[in-house]
Amino acid sequence: MPNQGNLANWLQKPKTTKASAPEAAKPDAQSSSPKAVPTPPASSQSPALSPKPSTEKAAPEGAPQGMFDKQLRPTRKRSQPSEAKQSPIASSPRTSDSEEASPALPQRKRTRLGARASGRPKAKAKIIVDSASSSDESFVLGAPSPAHSDGGNGSSELSDTLEKSPKDKPSEDSSPAILGTSAAELAAKLTAADTAPIKAKGKKATKKAKKAKGAKSAAQKAPDPSYTTPDEVLTTFAELITDTVPYAALCYMFEQVEATTKRLLILDMLTQFFYRVITHAPQDLLHCVYLCINRLAPQYEGVELGVGESLLIKAVAEATGRNATKVKSDLAKLGDIGLVAKESRSNQRTVAFAMTAKHFGSSASRQLKVGYVFKTLKQIATTSGHASMKLKVDRIKGLLAGCQNSEAKYLMRSLEGKLRIGLAEQTVLAALAHAFVHHRSEPLPEDLEDRVQVLQEAAATVKSVYNELPNYDKIVPTLLDQGLDILPQVCKLTAGIPVKPMLAHPTKAISEVLDRFEGHTFTCEYKYDGERAQIHRLETGETMIFSRNAEDMTAKYPDVVDKINRAVQSTTQSFILDCEAVAWDRVQDKILPFQVLSTRKRKDVKESEITVQVCIFAFDLLFLNGQSLLRTPLEDRQKILGDAFQRVQGDFEFAKAVRTSEVEEIQTFLDESIHDNCEGLMVKMLDGDEASYEPSKRSRNWLKVKKDYIMGLGDSLDLVVVGAYLGRGKRTGVYGGYLLACYNPDNEHYETICKIGTGFSEVDLASHRDLLQESIIAQPRSYYEFSDAANKPDVWFDPKMVWEVKAADLSISPVYKAAVGRVDSTKGISLRFPRFIRIRDDKSPEDATNSDQVADMYHGQKINAVKANDGSDDDY
DNA sequence: GTTTATTTAGTGC
DNA sequence: CTCCGACGCATTCGG
DNA sequence: CCGAATGCGTCGGAGGCACTAAATAAAC
């Protein structure tokens with residue numbers, strides 16, 4: 001409120017937005033390099049480092065394999081700013097090195113190089129970023145190699161390099177094909193590895209590869225620096241990670257990752273990081289993995305931080321001695337609590353230090369270790385009960401106090417639950433796989449193409465293992481103790497542990513389905529509107545139920561156990577069923593809306609007190625009597641499913657399905673499903689390789705067709721924009737969402753109906769901000785009906801803009817005001833899955849969808865007719 | 001001190 | 001849940 | 001035959017509503 005004015009201004013120009021935020025961020029990373037980034041400031045962080053690192057670090061440690069690196073000693077951190085640019089370096093050093101490297105497995109070599117280089121020049125800037133500051137350059141493999149190796153064109157890029165370099169490749173292309181694609185680059189990388197290996201990724205490379213080989217040498221030489229972790233980064237990892245992993249090392253890696261958008265580079269950096277951890281501090285690998293994916297335990301264990309934005313604001317405020325209001329306004333400006341914390345800290349050093357002393361004791365080292373951070377986060381998660389919030393805040397403050405540089409930023413983001421650095425689970429799995437490939441004793445194949453393939457297969461293996469047993473507590477130790485090769489034998493599908501469910505791709509029209517499945521046999525089944533339920537029966541006879549996100553829902557559905565028992569055939573012992581649990585009206589034998597299902601209690605549910613009955617609609621079987629069916633084609637799985645279970649009217653049903661390839665029939669079936677209160681259809685491939693169950697994959701083998709996806713169908717409304725919310729993260733500087741209202745002609749009021757935050761392109765976001773700039777008003781109009789507590793926007797607008805919005809359904813809302821009194825005496829109507837479609841220039845606010853129309857649309861959803869009888873209303 | 005209302009976090013879609 | 005955008009890979013098009 | 005353009009799938013990250021549960025704050 002107070003600052004609306006400011007906000008307004010602030011928003012005005014496109015601005016800064018990015019400038020500010022981003023810059024802030026990145027800079028540190030690299031530019032800062034000079035400053036402190038990595039190993040930072042000598043002073044503080046280094047304390048630890050400097051001492052031991054150098055010498056022994058590696059050596060002493062018995063780190064596995066250390067072969068290569070050992071030597072690496074830290075050249076010292078590159079902290080020295082000075083050298084930064086100056087080092088011309090590139091040329092000289094690298095050249096030499098490069099040669100070594102380029103050839104086959106340069107990896108090892110690189111290390112040395114690096115080492116020697118100690119003096120190292122710095123060379124390359126990081127890739128992405130422009131090199132601006134960073135100085136590194138040096139030998140990164142990429143760069144160098146090309147040049148030298150081939151000798152051919154050396155690209156001079158060293159300096160510039162960066163992304164552009166890719167282009168250069170052509171030049172050399174002796175092996176054009178390869179180069180062109182990533183394959184080449186991969187190759188390049190290979191060469192480089194340092195301590196770690198490099199990775200590469202091109203899948204298809206294979207074909208080309210051959211040619212490449214021919215030209216092999218040539219090909220390899222031409223590496224593309226872009227996807228190879230810069231030596232500077234490698235060196236920093238080596239310096240920071242000795243026998244244990246400092247949180248600073250992890251954060252340094254995060255910074256490097258955040259500074260780029262290239263996926264392959266991110267993957268490589270993470271691979272290098274993990275490799276270093278595996279070889280020098282394997283006991284910390286699990287912690288690092290968890291911190292990278294921002295989780296504390298397997299999902300099904302239900303360990304949650306229980307920390308949200310308000311607690312974080314409080315923690316930051318207290319830790320830095322500022323007041324919460326100020327922190328909030330900074331948050332609005334920066335769009336990231338992590339940045340706020342970081343900025344605050346730098347301005348409040350003394351306070352921070354004071355805190356440090358208080359929480360860590362003087363003796364405590366100032367350097368946070370990942371193990372400690374992880375442990376503390378877990379403590380925060382398990383804290384509960386009276387005054388637990390204060391305790392959590394204190395713990396957060398304690399951690400914050402020990403943070404230096406960017407650590408505070410990432411710590412806050414971890415607490416917030418989103419790292420937002422462009423790296424998430426899939427990347428972690430692939431990097432883990434790659435790191436272990438490099439770590440295992442057998443050498444990588446010499447042939448580039450083969451290497452790529454080995455890496456890809458490893459990634460696929462790890463991902464698949466994880467999907468079948470989503471538990472890093474088991475996977476990571478297994479990898480460390482027994483290696484990649486036997487991982488699949490040790491970690492496999494188990495009844496009692498949730499499998500990542502297979503997902504479906506949205507489809508915009510039936511014709512799209514036909515295009516995709518032409519020539520294949522497929523089945524169409526109802527898409528029920530309930531909750532995904534993966535029902536397990538263990539060997540012990542125990543039954544467990546997991547949600548779509550692998551959450552243990554067993555306690556929520558005690559009644560389902562009995563239903564299942566009545567549906568199992570005598571020969572059926574252990575199994576994993578894939579189903580949808582749907583709210584069911586036993587009196588009328590009808591499906592009830594999702595909103596009804598969601599009112600079921602979740603904990604301590606006693607069978608006798610259940611108010612909302614459920615019917616299970618089974619549609620797949622993943623495991624039966626100790627046997628995995630994941631690779632069995634759907635057609636067979638369905639058959640087995642049908643044999644192993646029997647229908648129990650109203651309690652356990654098989655999803656209604658039809659096999660047809662006729663457009664008309666599909667259309668009819670779709671209409672029918674909608675009529676039966678379902679969301680639409682699921683269309684699945686029945687046979688062939690593509691018909692296996694692919695956990696977690698949103699493959700094209702399962703498609704979903706919902707009425708609202710289809711043009712012209714679904715609920716579309718024209719609503720008035722009355723307010724907006726400041727964007728966060730990548731929406732910093734524009735509005736992240738808007739508050740919409742419908743028009744009530746009776747009293748000429750605007751009644752809020754929903755917020756909207758998706759469907760906008762980036763251009764839309766910017767133009768909407770500009771277009772609405774003039775409509776900003778300091779206070780809401782008296783004729784706006786909204787819920788003060790809940791949807792108060794950051795900025796209010798006069799009613800001018802009208803947008804077409806699409807939604808899947810209309811719902812009774814506890815907070816929105818649309819059509820109040822028409823459907824429910826006190827509650828309004830809102831929209832389910834609202835998204836922006838387009839601006840309606842042709843409509844004035846008074847022409848927007850009105851309250852009666854909203855009420856009619858709500859009643860028009862036949863499912864609600866059912867609802868009407870339960871209750872609150874009388875309309876019918 | 002208990003009971004009730006409000007706020008926050010987490011999960012579903 | 002919906003949607004967008006960037007990347008990487010593959011295929012196609014134009015010279 | 002090659003580089004440019006186009007198409008497709010993956011991954012990550014913006015954002016939505018409703019509801020329960022837990023903790024705090026407010027009332028009695």
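Throughout, protein chains are lettered first and strands after them, A, B, ... in sequence-line order, and every chain is numbered starting at 1. Note that the coordinates shown come from a computational prediction; the quantities given were computed from them, not determined experimentally.
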*Asks:* Between A/Asp336 and A/Lys730, is there a side-chain N and carboxylate O pair less than 4.0 Å apart?
*Replies:*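 So A/Asp336 does not pair with A/Lys730 through a salt bridge.
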*Asks:* When the distance from OH of A/Tyr557 to P of D/dT20 is rounded to whole Å, what number comes out?
*Replies:*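 Distance check: A/Tyr557 OH to D/dT20 P gives 13 Å.
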*Asks:* Starting the side chain at C-beta, find the nucleotide from D/dG15, D/dT24, C/dG5 nearest to A/His386.
*Replies:*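 Out of D/dG15, D/dT24, C/dG5, the nucleotide with an atom closest to A/His386's side chain is D/dT24.
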*Asks:* Could you state the CG-C1' distance from A/Asp809 to D/dG16, rounded to the nearest angstrom?
*Replies:*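 Interatomic distance, CG of A/Asp809 to C1' of D/dG16: 13 Å.
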*Asks:* Using whole Å, what does the distance between atom C1' of nucleotide C/dC4 and atom CZ of A/Phe836 come to?
*Replies:*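 A/Phe836 atom CZ is separated from C/dC4 atom C1' by 13 Å.
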*Asks:* Does A/Tyr227 have a side-chain nitrogen or oxygen under 4.0 Å from the phosphate oxygens OP1 or OP2 of C/dG8?
*Replies:*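 For A/Tyr227, the contact criterion (side-chain N or O under 4.0 Å from OP1 or OP2 of C/dG8) is met.
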*Asks:* Quick one: is A/Thr261 getting a side-chain N or O under 4.0 Å of the C/dC7 phosphate, OP1 or OP2?
*Replies:*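 Yes, such a contact exists.
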*Asks:* So, does A/Lys601 get its side chain near the phosphate of D/dA22, meaning an N or O under 4.0 Å from OP1 or OP2?
*Replies:*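 Checking D/dA22 against A/Lys601, no side-chain N or O comes under 4.0 Å of OP1 or OP2.
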*Asks:* Assess whether one donor atom and one acceptor atom, taken from the side chain of A/Arg602 and the base of D/dT20, lie less than 3.5 Å apart.
*Replies:*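 Side chain to base: pair found, below 3.5 Å.
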*Asks:* Consider only side-chain N and O atoms of A/Ser547 and A/Asn549, and report whether a donor and an acceptor are under 3.5 Å apart.
*Replies:*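 Their side chains do not contain a donor-acceptor pair, so the 3.5 Å distance test is not met.
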*Asks:* When you get a sec, tell me which of D/dT20, D/dC17, C/dC4 is the closest nucleotide to the side chain of A/Lys755?
*Replies:*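 Closest nucleotide among those given: D/dC17.
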*Asks:* Collect all protein-nucleotide pairs involving nucleotides 9-13 of chain D in which both atoms are nitrogen or oxygen and the distance is under 3.5 Å.
*Replies:*
{"from": "D/dG9", "atom 1": "OP1", "to": "A/Arg516", "atom 2": "NH1", "distance (Å)": "2.6"}
{"from": "D/dG9", "atom 1": "OP1", "to": "A/Arg516", "atom 2": "NH2", "distance (Å)": "3.2"}
{"from": "D/dG9", "atom 1": "OP1", "to": "A/Arg700", "atom 2": "NE", "distance (Å)": "3.1"}
{"from": "D/dG9", "atom 1": "OP2", "to": "A/Arg700", "atom 2": "NE", "distance (Å)": "3.1"}
{"from": "D/dG9", "atom 1": "OP2", "to": "A/Arg700", "atom 2": "NH2", "distance (Å)": "2.6"}
{"from": "D/dT10", "atom 1": "O2", "to": "A/Arg263", "atom 2": "NH1", "distance (Å)": "3.1"}
{"from": "D/dT10", "atom 1": "O2", "to": "A/Arg263", "atom 2": "NH2", "distance (Å)": "2.8"}
{"from": "D/dC11", "atom 1": "OP1", "to": "A/Lys463", "atom 2": "NZ", "distance (Å)": "2.9"}
{"from": "D/dG12", "atom 1": "OP1", "to": "A/Ala424", "atom 2": "N", "distance (Å)": "2.9"}
{"from": "D/dG12", "atom 1": "OP1", "to": "A/Ala424", "atom 2": "O", "distance (Å)": "3.2"}
{"from": "D/dG12", "atom 1": "OP1", "to": "A/Thr427", "atom 2": "N", "distance (Å)": "3.2"}
{"from": "D/dG12", "atom 1": "OP1", "to": "A/Thr427", "atom 2": "OG1", "distance (Å)": "2.4"}
{"from": "D/dG12", "atom 1": "OP2", "to": "A/Gln426", "atom 2": "N", "distance (Å)": "3.4"}
{"from": "D/dG13", "atom 1": "OP1", "to": "A/Ile421", "atom 2": "N", "distance (Å)": "2.9"}
{"from": "D/dG13", "atom 1": "OP1", "to": "A/Gly422", "atom 2": "N", "distance (Å)": "2.5"}

*Asks:* Mapping A/Arg600 and A/Met389 to their closest nucleotides on DNA chain D, which lands nearer the 5' end?
*Replies:*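 The residue whose closest nucleotide sits nearer the 5' end is A/Arg600.
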*Asks:* Spell out, as yes or no, whether a donor-acceptor pair under 3.5 Å connects the side chain of A/Glu258 to the backbone of A/Phe254.
*Replies:*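 Not at all, since once roles are kept as given, no pair shorter than 3.5 Å links the two residues.
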*Asks:* Rounded to whole Å, please give me the gap between OH in A/Tyr735 and P in D/dA14.
*Replies:*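 Roughly 19 Å, once rounded to whole Å.
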*Asks:* What residues from residues 293-300 of chain A pass a heavy-atom cutoff of under 4.0 Å to DNA chain D?
*Replies:*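 None, since no heavy atom is under 4.0 Å.
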*Asks:* Test your reading of the model: is there a side-chain donor-acceptor pair from A/Asp764 to the backbone of A/Ser761, 3.5 Å cut-off?
*Replies:*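 Confirmed, A/Asp764 side chain pairs with A/Ser761 backbone.
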*Asks:* With a 4.0 Å cut-off, would you call A/Glu580 and A/Lys527 a salt bridge?
*Replies:*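 Here A/Glu580 does not pair with A/Lys527 in a salt bridge, since their nearest N and O are not under 4.0 Å apart.
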*Asks:* Quick one: on DNA chain D, does A/Ile753 or A/Thr758 contact a more 5' nucleotide (nearest heavy atom)?
*Replies:*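 Closer to the 5' end of DNA chain D: A/Thr758.
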*Asks:* By the 4.0 Å heavy-atom rule, please label A/Pro814 as base, sugar-phosphate, or nothing.
*Replies:*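 Result for A/Pro814 = sugar-phosphate.
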*Asks:* Between A/Asn701 and A/Glu694, do the side chains contain an N or O donor and an N or O acceptor separated by less than 3.5 Å?
*Replies:*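 Yes, because at least one side-chain N or O of A/Asn701 sits under 3.5 Å from a partner of the opposite role on A/Glu694.
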*Asks:* Does a side-chain N or O from A/Ser813 land closer than 4.0 Å to OP1 or OP2 of D/dA18, or not?
*Replies:*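 Yes, such a contact exists.
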*Asks:* To the nearest angstrom, how far is A/Phe594 atom CZ from D/dG16 atom P?
*Replies:*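 Spelled out: CZ on A/Phe594 to P on D/dG16 is 18 Å.
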*Asks:* Is the phosphate of D/dA23 approached by A/Lys390 (side-chain N or O, under 4.0 Å from OP1 or OP2)?
*Replies:*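 Checking A/Lys390 against D/dA23: no side-chain N or O falls below 4.0 Å of OP1 or OP2.
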*Asks:* Which atom pairs link the protein and nucleotides 25-28 of chain D when you take only N or O atoms and keep those under 3.5 Å?
*Replies:*
none

*Asks:* If you check the A/Gln595 side chain, which of D/dA23, D/dC19, D/dC17 turns out closest?
*Replies:*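 Nearest nucleotide to the side chain: D/dC19.
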*Asks:* Measure from CG on A/Leu740 to C1' on D/dG15 and round the result to the nearest Å.
*Replies:*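 From A/Leu740 CG to D/dG15 C1': 13 Å.
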*Asks:* Do A/Lys500 and A/Gln299 have a side chain donor and acceptor closer than 3.5 Å?
*Replies:*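 The answer is yes; a qualifying pair exists.
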*Asks:* Within the 4.0 Å heavy-atom criterion, would you say A/Lys706 contacts the bases, only the backbone, or no part of the nucleic acid?
*Replies:*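 Counting heavy atoms under 4.0 Å across all strands, the contact made by A/Lys706 is with sugar-phosphate only.
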*Asks:* Would one find a side-chain N or O of A/Ser811 under 4.0 angstrom from OP1 or OP2 of D/dA18?
*Replies:*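 Yes, because at least one side-chain N or O of A/Ser811 sits under 4.0 Å from OP1 or OP2 of D/dA18.
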*Asks:* Would you say A/Lys697 has more than 12 foreign heavy atoms packed within less than 6.0 Å of its NZ?
*Replies:*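 Counting neighbours around NZ of A/Lys697, 12 or fewer heavy atoms of other residues, nucleotides or ligands fall under 6.0 Å, so no.
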*Asks:* Figure out the CG/C1' separation between A/Asp529 and D/dC17, and round it to whole Å.
*Replies:*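 It works out to 13 Å between those atoms.
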*Asks:* For A/Ala509, is there any backbone N or O sitting under 3.5 Å from a side-chain donor or acceptor partner on A/Thr507?
*Replies:*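 Pair absent, no side-chain N/O of A/Thr507 close to backbone of A/Ala509.
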*Asks:* Just how far, in rounded Å, is P of C/dC7 from CG of A/Asp268?
*Replies:*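 Taking CG of A/Asp268 and P of C/dC7, I get 17 Å after rounding.
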*Asks:* Distance-only, no hydrogens or angles: does the A/Asn467 side chain make a donor-acceptor pair with backbone N or O of A/Lys463 under 3.5 Å?
*Replies:*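 Judged by distance alone, yes, a pair lies under 3.5 Å.
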*Asks:* What residues, two or more places apart in sequence or in another chain, satisfy side-chain hydrogen bond (donor to acceptor under 3.5 Å, both in side chains) together with A/Tyr300?
*Replies:*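 Listed in chain order: A/Asn471.
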*Asks:* Output yes when a side-chain donor or acceptor of A/Tyr725 lies under 3.5 Å from a complementary backbone atom of A/Asn791, and no otherwise.
*Replies:*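 Answer holds: yes.
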*Asks:* Checking the side chain of A/Thr427 only, and the main-chain atoms of A/Leu423 only, is there a donor and an acceptor separated by less than 3.5 Å?
*Replies:*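 No: the side chain of A/Thr427 does not pair with the backbone of A/Leu423.
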*Asks:* Do side-chain atoms of A/Arg835 reach the backbone of A/Gly757 as a donor and acceptor pair under 3.5 angstrom?
*Replies:*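 No, A/Arg835 side chain to A/Gly757 backbone: no donor-acceptor pair under 3.5 Å.
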*Asks:* Taking only Lys NZ, Arg NE, NH1 and NH2, and the carboxylate oxygens of Asp or Glu, determine whether A/Asp578 and A/Arg532 approach each other closer than 4.0 Å.
*Replies:*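 Judged by the 4.0 Å cut-off on N to carboxylate O distance, A/Asp578 and A/Arg532 do form a salt bridge.
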*Asks:* Assuming nearest nucleotide by heavy-atom distance, tell me which of A/Ala789 and A/Glu531 is located more 5' along DNA chain B.
*Replies:*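 The answer here is A/Ala789.
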*Asks:* Report which part of the nucleic acid A/Ala387 touches: base, sugar-phosphate, or nothing (heavy-atom distance under 4.0 Å, all strands).
*Replies:*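 Touches sugar-phosphate only.
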*Asks:* Among residues at least two apart in sequence or on other chains, which ones pass salt bridge (Lys or Arg N to Asp or Glu O under 4.0 Å) with A/Arg832?
*Replies:*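 For A/Arg832 the salt bridge (Lys or Arg N to Asp or Glu O under 4.0 Å) partners, ignoring immediate neighbours, are A/Asp529, A/Asp809.
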*Asks:* When you list every nucleotide of DNA chain B with an atom under 4.0 Å from a heavy atom of chain A, which one comes first 5' to 3', and which comes last?
*Replies:*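 Extent of the interface on DNA chain B: B/dT8 to B/dC13.
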*Asks:* Within less than 4.0 Å of OP1 or OP2 of D/dG15, is there a side-chain N or O belonging to A/Tyr725?
*Replies:*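 A/Tyr725 to D/dG15 OP1/OP2: no side-chain N or O under 4.0 Å.
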